[in-house]
Amino acid sequence: MEHLINAKVKNIEISGIRKFFNLVAGTEDMISLTIGQPDFPTPFHVKAAGIKAIEENFTSYTHNAGTLELRRAAAQFVKEKYQLHYNPETEIITTVGASEAIDITFRTILAEDSEVILPGPVYPGYEPIIRLCGAKPVYADTTTNQFRLSAEIIANYITDKTRCIVLPYPSNPTGASLTKEELTEIAALVKEKEIFIVADEIYSELVYEREHFSIGTILKEKAIIINGLSKSHSMTGWRVGFIFAPEIIAKHILKVHQYNVSCATSISQIAALEALTNGKNDAHEMKEEYLKRRDYMYMRLKKMKLNVVKPDGAFYFFVKLPSQYENSFEFALALVEQARVAVVPGSAFSPIGEGYVRLSFAYSMETIREAMDRMEQFFLTSI
Ligand SMILES: Cc1ncc(COP(=O)(O)O)c(C=O)c1O
């Protein structure tokens, strides 16, 4: 029966991250710097709210867009933190993680043959959905601009078919986050064009040394803002995300969401309400710790003479491999075999990521130190 499977689905491959993981799983004494989720537990008060929700039988369907109380809390949170203004009654949808937000957004706005501009390298969660929609991903090379997608770069890739530009900032895998000035230039470029902006701001609470700036403050009419609690509150398994979009867009996305999942998990919604009201600054402590790790790792990578850009946010380094290593998958395999350190091959983040590897610092200082020692030794003996 396999020949009857939808061809678009057949053509999707499992992510390069997963492929690599499957290959090296079970290697003994391996230190992994591969993970893309916080290494902190969900804050206690948030977990307690979830437990209480179960005990009090808050276990039924909610409004499709999430409880109004939660949407009000989300509206207040993004207003206080990022000066965004969204009406909780009509412009906010609670989703099953940012992942569902990405899925239903693309399915709402893309048609066959639409082109979607993405920065390359980029998080691998967009391309398969774009392809399922019959649309085409177009990767804009950011490697010559310190991984920063600029209006100038985007302009080279815009055609009559461009329907959407994806702006993930801070970025997974590069940690680059766009500034107010850069976003203002991008907004000016698309202002008169029939192009949506999908801003994936899931790492907005993890921007180091400056405030996060959201494009929703200057281009609300075209912007669909995706956010969630996975990274800010270390809640990846609770699956809570949000879409912020003008009513004329949100009302259509809501239909796709309704037929997709009905609503986000009721229990997780209660925990999310607690996180967004009594835990508004829960990310601060984690951010301080990530910052120390980032600076330490930066120092160590520089000492290894590697070409590396200091990330503005998130918890990743995207490191250029020395020129003798052309294939990032083979390099990552050799690093596991010879140094017992696992990193993610850059090719998992679009073809533009080839020649790089992603290192996560969502690990304890002790783990990072040991991994850096091993990597240093690897380069000393293999170059
Ligand atoms: C840029 C980016 N967007 C979205 C997601 C998915 O987030 P969620 O776990 O909330 O679905 C991730 C997860 O790693 C990510 O890195």
Side-chain angles (χ1 to χ4, degrees), residues 14-18 20-21 32-40 42 46 66 70 74 77 93-107 116 118-130 137 139 142 147 149 164-178 197-207 212 214-215 224-244 257 260-261 264-265 268-269 271-272 275-276 283 286 290 311-318 344 346 348-350 353 358-363:
I14 62 159
S15 92
I17 306 180
R18 186 55 50 195
F20 181 71
F21 224 72
S32 173
L33 296 182
T34 57
I35 206 135
Q37 63 178 337
D39 60 320
F40 301 96
T42 301
V46 175
L70 176 57
F77 186 88
I93 303 170
T94 311
T95 59
V96 181
S99 305
E100 194 228 347
I102 293 166
D103 177 33
I104 59 178
T105 295
F106 284 147
R107 283 204 280 149
V116 179
L118 305 135
V122 76
Y123 171 64
Y126 310 116
E127 172 166 344
I129 313 288
I130 293 168
Y139 290 107
T142 62
F147 305 126
L149 188 60
C164 169
I165 300 167
V166 180
L167 299 179
Y169 59 94
S171 151
N172 170 8
T174 69
S177 197
L178 300 176
I197 294 286
V198 173
D200 182 344
E201 302 186 9
I202 189 80
Y203 294 98
S204 60
E205 281 296 280
L206 300 177
V207 177
H212 175 76
S214 174
I215 198 165
I224 298 162
I225 309 289
I226 292 173
N227 212 321
L229 298 178
S230 295
K231 318 288 172 171
S232 62
H233 290 76
S234 196
M235 289 177 71
T236 50
W238 296 78
R239 314 304 303 129
V240 182
F242 294 100
I243 288 173
F244 301 87
H257 169 75
N260 204 21
V261 297
T265 309
S268 295
Q269 288 190 47
L276 292 176
M286 301 187 228
Y290 290 136
D312 304 313
F315 33 64
Y316 310 105
F317 276 93
F318 206 59
V344 183
F349 304 96
S350 88
R358 188 191 77 175
L359 276 57
S360 162
F361 49 95
Y363 288 92

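Counting starts at 1 for both ligands and their atoms, in listed order. Predicted model, so just to flag it, every value in this text is computed and none were measured.
For atom 3 (N) of ligand 1, the nearest protein heavy atom (residue, atom name, distance) is Asp200 OD2, 2.6 Å. Closest to atom 11 (O) of ligand 1, if we only count protein heavy atoms, is Ser99 OG, 2.5 Å. Nearest protein heavy-atom contact of atom 5 (C) of ligand 1 is Tyr123 OH, 3.4 Å.
Using a 4.5 Å heavy-atom threshold, the side chains of Val166 and Phe106 count as touching.
Some N or O of Ala98 is nearer than 3.5 Å to an N or O of ligand 1, by distance alone. In terms of N/O distances under 3.5 Å, ligand 1 is not approached by Thr236. Considering both main-chain and side-chain atoms, Ser230 comes within under 3.5 Å of ligand 1 through a nitrogen or oxygen pair.
Put simply, the side chain of Gln37 never gets that close to the backbone of Lys231: no donor and acceptor are under 3.5 Å apart. For the pair Ser360 (side chain) and Tyr316 (backbone), a donor-acceptor distance under 3.5 Å is absent. Without hydrogens or angle criteria, Tyr363 side chain to Thr34 main chain gives a donor-acceptor distance under 3.5 Å.
The closest approach between Lys231 and ligand 1 falls below 4.0 Å for a heavy atom of the residue.
Residue Gln37 does not touch ligand 1, judged by heavy-atom distances below 4.0 Å. Heavy atoms of Tyr126 found under 4.0 angstrom from ligand 1 belong exclusively to the side chain.
Using cut-offs of 30° and 60° on the angle between ring planes, the pair Tyr290 and Phe315 is tilted.
Close approach of ligand 1 to Gly97 (heavy-atom distance below 4.0 Å) involves ligand atoms 10 (O), 11 (O). Heavy-atom contacts of Arg239 reach the following atoms of ligand 1: 8 (P), 9 (O), 10 (O), 11 (O) (cutoff under 4.0 Å).
Interatomic distance, OG1 of Thr95 versus CD1 of Ile102, reported as 9.0 Å (0.5 Å rounding). Atom OG of Ser32 sits about 10.0 Å away from atom CG of Leu359, to the nearest 0.5 Å.
Aromatic pair Tyr123/Phe349: ring centres not closer than 6.0 Å.
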